[in-house]
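Reviewing the structure listed below.
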Amino acid sequence: MPTTLPIPIKFQLPEGWLPARPREFDAASVAFAAVHPQPDAGFAANITIDGEVPPDAVTLADLADKSVERLHEVAESVVVTHLREVGSADAPALSQRLAFSTIIDGERRDLVQSQVYLSLSLSDAGDAHKRAAIRLALTATAAQHDAVVGDFQDFMRTIRPDTGTEA
């Protein structure tokens with residue numbers, strides 16, 4: 001069963017991307033996943049969304065570091081190739097790109113994961129000081145990453161808090 005996000009969001013998938021079935025990804029920690037319709041060498045590029053309400057002292061950089069540590073548990077040679085704080089004081093965000101190798105179905109795969117961490121206010125939930133951290137991730141083969149990262153960027157531009165009203 002997929003996990004739930006700490007704050008409802010709405011988004012639009014890039015053209016051609018398909019929602020993934022729970023058995024196709026780690027449903028215990030992912031709230032939503034989508035796959036690219038054209039796998040590269042048997043690996044389907046995917047977009048996942050997860051989130052949490054971290055303790056007040058935990059920064060987006062701390063969450064990004066934790067993500068690298070978790071990836072080290074299942075992958076070899078994890079390298080942070082890009083890390084940048086973006087956004088504003090009211091809506092901070094962080095992006096990082098990881099290159100790593102892992103074994104999938106008995107084959108070594110060189111993968112790239114682009115992650116974006118968004119900090120969203122929980123003021124609508126009655127706590128103006130608490131923030132939810134939403135992680136968006138694109139995972140693709142090293143060969144396909146550059147071809148699908150534009151789709152991921154388009155997807156990120158559609159992310160909005162879902163207030164239950166149409167804008």
**OP:** Enter the distance from Leu13:CG to Thr158:OG1 here, rounded to the nearest 0.5 Å.
**Re:** 8.0 Å
Subject >> Heavy-atom side-chain contact between Ile134 and Ile159 under 4.5 Å >> reply: no
Original post:
Do side-chain atoms of Thr102 reach the backbone of Val74 as a donor and acceptor pair under 3.5 angstrom?
Top reply: yes
Original post:
CD1 of Ile9 to CG of Leu136: how many Å apart, nearest 0.5 Å?
Top reply: 6.5 Å
Original post:
How far apart are the closest heavy atoms of Leu122 and Ile7, and which atoms are they?
Top reply: CD2-CB, 3.9 Å
Original post:
Judged by atom type as modelled, is there a donor-acceptor pair below 3.5 Å linking the side chain of Asp154 to the main-chain atoms of Asp151?
Top reply: no
Subject >> Side chain proximity check, Leu98 to Gln115, heavy atoms < 4.5 angstrom >> reply: yes
Original post:
Can you check whether Ala41's main-chain N or O pairs, donor with acceptor, with Gln144's side chain at less than 3.5 Å?
Top reply: no
Original post:
Could you state the interatomic distance from CG (Asp50) to OH (Tyr117), rounded to the nearest 0.5 Å?
Top reply: 7.5 Å
Original post:
With Arg97, which residues qualify under side chain to side chain donor-acceptor pair (under 3.5 Å), at least two apart?
Top reply: Ser114
**OP:** Please answer: with hydrophobic residues joined when any side-chain heavy atoms are less than 4.5 Å apart, are Val79 and Leu111 in the same cluster?
**Re:** no
Original post:
Can you name the residues that form a ring-ring contact (aromatic ring centres under 6.0 Å, His included) with Phe155, not counting sequence neighbours?
Top reply: Phe11
Original post:
How would you list, by chain and number, every residue that makes a ring-ring contact (aromatic ring centres under 6.0 Å, His included) with His36, sequence neighbours excluded?
Top reply: Trp17
**OP:** May I have the step-by-step check of side chain to side chain contact (heavy atoms under 4.5 Å, CB included) for Leu63 and Arg135, ending in yes or no?
**Re:** CA-CA 9 Å; Leu63 295 175; Arg135 181 177 69 136; over 6 Å; no
Original post:
When rounded to the nearest 0.5 angstrom, what distance separates OG1 in Thr141 from CG in Asp146?
Top reply: 10.0 Å
**OP:** Taking the side chain as every heavy atom from C-beta outward, state whether Leu138 and His145 have any atom pair closer than 4.5 Å.
**Re:** yes
**OP:** Report whether Phe100 and Ile104 are members of the same hydrophobic cluster (ILVMFWY, side-chain heavy atoms less than 4.5 Å apart, transitive linking).
**Re:** yes
Subject >> Ion pair check, Asp56 and Lys130, cut-off under 4.0 Å >> reply: yes
Original post:
Between Ser101 and Arg108, is a side chain to side chain donor-acceptor pair (under 3.5 Å) present by the stated rule, with each step listed?
Top reply: CA-CA 7 Å; Ser101 294; Arg108 178 173 307 285; 4.9 Å; no
Original post:
What distance separates Thr81 OG1 from Gln96 CD, expressed to the nearest 0.5 Å?
Top reply: 9.0 Å
